[in-house]
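Working notes, beginning with the structure itself.
No experiment lies behind these values; they were computed from the predicted model shown. Indexing begins at 1, ligand by ligand and atom by atom, following the structure's order.
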Amino acid sequence: MTSNPFAIAQAQLDEAASLLHLDKDLHDLLRQPMAEHHVRFPVMMDSGRVKVFSGYRVQYNDARGPCKGGIRFHPEETIDTVRALSAWMTWKTALVDIPLGGGKGGVICNPKDLSRGELERVSRGYIRKIGHLIGPDIDVPAPDVYTTPEIMAWMMDEYETMLGHHAAGVITGKPLFLGGSAGRGDATARGGMFTIREAARVLEIDLSKATVAIQGYGNAGMHAHHLIMEFFGSKVVAVSDSRGGVFCKDGFDPIAVQEFKAKTGSVVGYPGSEPITNEALLELKVDILLPSAMENVITEKNAQNIHAKIVGELANGPTNPEADVILHKNGVFVIPDFLCNAGGVTVSYFEQVQNANFDRWKIEHVHYRLDETMTAAFKSVFDVRHDLNVHSRLAAYVVAVGRVAEACRTRGWALPVEDKPKSKPVPALV
Ligand code: GLU
């Protein structure tokens with residue numbers, strides 16, 4: 001099977017399209033981005049050299065509302081990754097039923113090799129190229145891999161400077177004092193917790209006795225470590241990052257691991273732990289596995305060896321389609337990425353609502369609305385999974401694609417269901 005994420009995203013859509021009996025034209029519309037932009041922009045480096053960077057912004061589908069999705073700064077960024085991620089954002093916003101479409105952006109760069117000044121100039125340079133293509137009612141970026149609230153602040157400032165007026169709603173995931181929302185920082189992980197709680201309820205798993213392995217210790221993984229202990233009292237026995245992982249059967253304290261990583265740059269070498277590779281971590285005999293880093297880590301090569309009862313995909317695209325089938329057959333309950341990690345974009349949407357109304361919500365209100373949204377989304381997926389007897393990702397696709405398809409039909413971008421031509425038109429007699 002291909003490891004091209006966009007080919008994977010299209011294959012996933014194809015399966016749902018066939019279950020939904022989508023007509024060919026609508027299926028074609030949903031198979032490709034509606035717009036994509038490739039940009040190059042010069043940046044003055046500290047050395048005095050002017051370096052040209054490349055970036056993308058893909059606006060996959062806006063039938064349900066303005067495009068929405070993060071910007072990644074990654075040395076191996078490709079257009080196909082951004083296309084796939086923008087498709088997944090389209091399904092994600094539909095699944096949690098917020099009035100937004102899907103988009104994604106990326107800049108090919110390694111933030112670890114950039115000074116703070118260079119990072120700011122890259123962020124501003126990118127916005128100068130895509131600024132005329134985005135806006136609160138058009139396309140609203142947010143943080144993603146290796147981009148931060150501070151970067152969002154620079155981007156918002158650059159955009160507002162281009163426009164000559166304030167427009168806080170152009171971007172989400174901003175710092176709190178610049179129009180960011182309370183609760184956005186841990187929203188991805190917190191949203192995931194609500195779906196894990198619901199999954200454990202239907203599977204009758206006692207989370208207070210559960211063991212957990214977390215692959216990836218960025219924003220999602222690190223917050224998940226804190227929250228899974230705070231919410232359920234589960235024991236996190238393994239964590240990892242891009243340099244490797246650590247295991248301890250007695251469990252890790254999240255504050256101590258976070259401090260250690262802040263000091264050393266990695267979880268590797270944490271005192272009192274045994275080393276473990278990222279690959280071995282995925283195959284641990286734990287109750288809950290949280291892939292929280294990158295795409296394509298659970299494939300047909302290792303799916304057979306996944307022992308977790310629940311896989312909560314806090315990362316985007318960690319499991320490929322072959323692995324989905326194997327996991328389902330083996331009774332592993334997968335909470336698919338665009339359900340499990342939808343808390344981030346849900347609180348981004350709350351941020352947009354607050355910005356549009358010059359309002360500020362209390363954290364309790366954010367948490368309450370996030371729980372309500374995630375729980376409803378979980379239920380809609382679980383019902384379809386049960387009714388159609390399909391794996392969770394396919395069920396999530398059926399719900400999400402069905403909603404986007406309906407918005408397309410209602411706009412007149414596709415034929416209403418009852419008007420579909422039933423047979424080939426009879427050729428005119430001449
Ligand atoms: N980057 C996050 C995601 O993949 C959040 C997107 C957003 O807040 O718009 O869901």
Side-chain angles (χ1 to χ4, degrees), residues 5 9 56-62 64-74 77 81-107 130 134-149 151-152 155-156 168-175 179-192 195 216 218-221 223-224 291-295 312-318 335-355 366 369-370 373-374 377 396 400:
Y56 313 105
R57 183 74 193 170
V58 178
Q59 295 163 334
Y60 197 85
N61 187 294
D62 64 352
R64 289 174 43 88
C67 292
K68 185 82 192 80
I71 296 169
R72 310 191 337 149
F73 281 2
H74 199 273
E77 195 60 286
T81 311
V82 182
R83 283 178 182 140
L85 289 160
S86 69
W88 290 329
M89 284 309 302
T90 306
W91 316 137
K92 195 183 299 191
T93 54
L95 187 61
V96 287
D97 207 7
I98 53 182
L100 297 168
K104 203 77 167 196
V107 175
I130 66 155
I134 60 173
D137 299 320
I138 306 169
D139 179 9
V140 181
D144 205 286
V145 171
Y146 294 149
T147 51
T148 59
I151 292 176
M152 298 305 114
M155 290 183 167
M156 179 191 78
V170 69
I171 204 152
T172 60
K174 301 179 292 291
S181 176
R184 178 63 184 84
D186 69 10
T188 305
R190 187 175 292 268
T195 64
N219 177 288
H223 284 300
S292 313
M294 298 299 284
E295 308 90 57
E313 296 182 338
L314 287 170
N316 285 313
I335 309 174
D337 50 3
F338 65 102
L339 171 60
C340 192
N341 71 28
V345 74
T346 300
V347 177
S348 274
Y349 160 65
F350 297 161
E351 183 172 331
Q352 290 178 268
V353 174
Q354 292 168 75
N355 291 158
V366 171
R369 295 249 348 230
L370 179 61
T373 306
M374 299 301 298

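A 4.5 Å side-chain heavy-atom check between L100 and V140 finds every atom pair outside the cut-off. Looking only at side-chain heavy atoms (C-beta outward), P136 and N355 stay at 4.5 Å or farther from each other. Residues R64 and D97 are in side-chain contact: their nearest non-hydrogen atoms beyond the backbone lie under 4.5 Å apart.
Note that CG of N316 and CG of D144 are 6.5 Å apart. Values are rounded to the nearest 0.5 Å. The NZ atom of K174 sits 13.0 Å away from atom CE of M155, with the distance rounded to the nearest 0.5 Å.
Using a 4.0 Å cut-off to heavy atoms of M89, the atoms of ligand 1 that qualify are 3 (C), 4 (O), 6 (C), 10 (O). Near N316, meaning under 4.0 Å from one of its heavy atoms, ligand 1 places the atoms 4 (O). When each atom of ligand 1 is checked for a heavy atom of K104 under 4.0 Å away, the hits are 1 (N), 3 (C), 4 (O). Counting atoms of ligand 1 from 1 in the listed order, those under 4.0 Å from a heavy atom of P143 are 1 (N), 2 (C).
Taking atom 9 (O) of ligand 1 as the reference point, the nearest protein heavy-atom neighbour is K68 NZ, 2.7 Å. When only non-hydrogen protein atoms are considered, atom 8 (O) of ligand 1 lies nearest to S348 OG, 2.5 Å. Looking from atom 10 (O) of ligand 1 to the surrounding protein, the closest heavy atom is K92 NZ, 2.7 Å. Closest to atom 5 (C) of ligand 1, if we only count protein heavy atoms, is R184 NH2, 3.5 Å. D144 OD2, 2.7 Å is the protein heavy atom nearest to atom 1 (N) of ligand 1. In this structure, atom 7 (C) of ligand 1 lies nearest to the protein heavy atom A142 CB, 3.3 Å.
Proximity of T188 to ligand 1, defined as any heavy-atom pair under 4.0 Å, is not found for any part of the residue. Neither the backbone nor the side chain of R72 has any atom closer than 4.0 Å to an atom of ligand 1 (non-hydrogen atoms only). Contact annotation: for Q352 versus ligand 1, there are no heavy atoms closer than 4.0 Å.
Under a 4.0 Å N-O distance rule, the pair K92/D337 does not qualify as a salt bridge.
For G69, the heavy-atom gap to ligand 1 drops under 4.0 angstrom. Heavy-atom separations between P141 and ligand 1 are all 4.0 Å or longer.
Residue-to-ligand polar distances keep N341 apart from ligand 1: every N/O pair is separated by 3.5 Å or more. Among the atoms of V140, none of the N or O lies under 3.5 angstrom from an N or O of ligand 1.
Side-chain contact, R72 with T147: no donor N or O sits under 3.5 Å from an acceptor N or O.
Paired with K68 under the rule side-chain hydrogen bond (donor to acceptor under 3.5 Å, both in side chains), one option of T172, D139, T90, D62 passes, and it is T172.
Using cut-offs of 30° and 60° on the angle between ring planes, the pair W91 and Y60 is perpendicular.
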Item to check | Test log, rule side-chain contact (heavy atoms from CB on, under 4.5 Å), inputs Q59 and S86 | outcome: CA-CA 7 Å; Q59 295 163 334; S86 69; over 6 Å; no

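In this structure, the side chain of Q354 engages the main chain of F350 through a donor-acceptor pair within 3.5 Å.
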